[in-house]
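To start, the structure under review is shown below, and the notes come after it.
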Amino acid sequence: MLSRNFRLQKVGDLSWLQKNYDFSSIAFSIDELIILDVSRNNRDESKFCACVKALTKGCFVPISAGGAIRSVEEARKLLHSGADKIIVNTLIHSEPEIVEEMVSEFGSQCVIASIDVKKVGDIYEVWIENGTVRLAVLAVEWLQKLIKFPVGEIYLNSMDRDGTGQGYFMELLDLLPNNVTKPIILAGGAGKYNHFSEGLRDDRVDAVATAHLFNFVGDGLKTARQSLIGEGFSLPHWDVELLDNLKGSVKNLC
């Protein structure tokens with residue numbers, strides 16, 4: 001699915017995604033892969049787990065998966081399907097004790113709290129249930145709760161910039177409390193590598209995310225990463241040719 005301001009449009013199936021995004025190769029251009037189930041009707045848990053397993057085959061970077069997770073058992077199934085981390089959003093509001101149970105069983109480093117924020121006038125709202133339900137709490141207050149909640153990271157997403165490719169909504173960072181100790185992943189709006197650079201220059205940002213597929217198809221992500229490294233950002237620099245040779249050697253031994 002391609003999302004723009006949380007309005008969904010189908011662009012292809014799993015085969016299309018695997019054809020255009022070979023994640024065993026794209027892993028050299030990213031530090032982590034995030035897979036979210038954005039289904040709004042008739043969610044199929046087993047199908048999503050199967051998709052996660054298929055997409056992560058041969059992908060060596062950490063994988064975070066989420067979307068409408070409702071129980072520890074669902075989280076466990078995703079982890080068994082290849083995910084390294086679980087992303088939760090609505091559940092922190094509806095049943096926080098289940099999230100705390102996840103943290104107790106899997107560790108705080110395994111659980112990421114996601115927050116979807118929309119600006120209405122001068123107010124920053126929080127939305128859950130895939131952007132269909134507005135919480136009666138301001139984003140600044142909800143972020144203060146998430147910072148204190150026993151999760152490992154926070155995925156801060158702008159609904160206004162989602163899928164636009166116009167750049168991150170940097171104003172959202174001003175909603176964060178001072179001296180935040182949890183890593184912040186900034187999402188929503190990246191359309192070119194300059195947007196990654198802008199996000200990473202802010203000391204409050206630990207990672208930047210993109211789901212704008214068409215802007216980074218082909219060697220787009222590889223080029224963006226090389227540009228960021230060229231600007232002096234401290235990112236792992238893989239010797240792709242050496243790794244390809246090693247993969248070929250292993251394949252010949254099998």
Side-chain angles (χ1 to χ4, degrees), residues 1 3-8 34-43 45 48 64-72 74-75 78 85-104 106 108 110-164 166 168-190 199 204-209 211:
M1 292 288 185
S3 173
R4 184 180 177 92
N5 304 128
F6 275 51
R7 295 189 299 273
L8 302 178
I34 296 174
I35 307 173
L36 297 175
D37 183 354
V38 294
S39 303
R40 292 179 179 169
N41 296 297
N42 303 318
R43 179 174 178 267
E45 175 191 347
F48 181 56
S64 300
I69 296 175
R70 291 289 186 262
S71 68
V72 175
E74 285 188 38
L78 280 174
K85 302 177 186 178
I86 298 300
I87 300 177
V88 290
N89 186 315
T90 302
L91 198 63
I92 296 178
H93 167 72
S94 60
E95 297 181 274
E97 66 279 1
I98 293 181
V99 180
E100 291 174 341
E101 188 178 346
M102 290 179 188
V103 170
S104 178
F106 309 127
S108 60
C110 188
V111 183
I112 299 173
S114 171
I115 173 174
D116 298 320
V117 180
K118 178 189 289 186
K119 186 177 182 181
V120 180
D122 294 327
I123 303 298
Y124 292 91
E125 301 176 340
V126 179
W127 289 69
I128 58 174
E129 299 288 359
N130 274 331
T132 61
V133 176
R134 180 176 62 85
L135 284 186
V137 59
L138 296 178
V140 65
E141 298 171 353
W142 191 245
L143 279 166
Q144 288 173 347
K145 177 177 180 176
L146 294 185
I147 292 297
K148 297 176 183 178
F149 207 68
V151 293
E153 302 171 68
I154 294 177
Y155 184 86
L156 179 57
N157 187 37
S158 168
M159 296 177 66
D160 300 292
R161 295 292 179 90
D162 172 64
T164 65
Q166 297 175 355
Y168 296 112
F169 198 178
M170 301 298 290
E171 290 181 23
L172 295 187
L173 298 171
D174 296 331
L175 304 176
L176 293 168
N178 294 326
N179 302 318
V180 175
T181 56
K182 287 182 171 62
I184 301 297
I185 305 169
L186 186 61
R204 296 167 293 183
V205 176
D206 297 273
V208 288

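Positions are given from 1 along the sequence.
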Does a side-chain heavy-atom distance below 4.5 Å link Cys110 with Met102? no
A side-chain contact here means heavy atoms from C-beta on lying under 4.5 Å apart; do Val117 and Trp127 qualify? no
Within-4.5 Å side-chain heavy-atom neighbours: Asp116 and Ile128: no
Pairwise distance CD1(Ile184) to CG(Leu173) - rounded to 0.5 angstrom: 8.0 Å
If you take all heavy atoms of Pro150 and Glu100, which pair is closest and at what distance? CG-CG, 4.3 Å
Check for a donor-acceptor pair, side chain of Thr164 on one end and backbone N or O of Arg161 on the other, with a separation under 3.5 Å. yes
Quick one, Ile112 and Ile154 - any side-chain contact, counting heavy atoms below 4.5 Å? no
Is the shortest heavy-atom distance from the side chain of Tyr168 to the side chain of Ser158 under 4.5 Å? no
Quick one: CG on Leu91 to CD1 on Ile86, what's the gap to the nearest 0.5 Å? 11.5 Å
Do the side-chain N and O atoms of Trp142 and Gln144 include a donor-acceptor pair separated by under 3.5 angstrom? no
Any side-chain heavy-atom pair from Ile87 and Ile35 closer than 4.5 angstrom? no
Quick one: pull up CD in Glu125 and CZ in Arg134 and give me the separation to the nearest 0.5 Å. 5.0 Å
Roughly how far, to the nearest 0.5 Å, is CD of Glu45 from CD1 of Ile69? 9.0 Å
For the pair Thr90 and Arg70, evaluate side chain to side chain contact (heavy atoms under 4.5 Å, CB included) and give the outcome as yes or no after the intermediate values. CA-CA 9 Å; Thr90 302; Arg70 291 289 186 262; 4.1 Å; yes
Does any donor atom in the side chain of Asp162 or Asn157 lie under 3.5 Å from an acceptor atom in the other side chain? no
Show the nearest heavy-atom pair for residues Ala209 and Tyr155, with the distance to one decimal. CB-CE1, 4.0 Å
In short, side chain to side chain donor-acceptor pair (under 3.5 Å) pairs touching residues 169-179 with sequence neighbours left out are Lys119-Glu171, Tyr124-Glu171, Asp174-Arg204
Nearest non-hydrogen partners of Leu146 and Ala113, listed with the distance: CD2-CB, 4.2 Å
d(Glu141 CD, Leu175 CG) to nearest 0.5 Å is 11.0 Å
With sequence neighbours left out, which residue pairs that include part of residues 144-153 fulfil the salt bridge (Lys or Arg N to Asp or Glu O under 4.0 Å) condition? Lys85-Glu153
Do any N or O atoms from the side chain of Lys182 and from the backbone of Ile147 form a donor-acceptor pair under 3.5 angstrom? yes
Is the shortest heavy-atom distance from the side chain of Ser108 to the side chain of Val151 under 4.5 Å? no
Could you give the distance from CG (Leu172) to CG (Leu156), rounded to the nearest 0.5 Å? 5.0 Å
Does some side-chain heavy atom of Leu138 sit less than 4.5 Å from a side-chain heavy atom of Ile123? yes
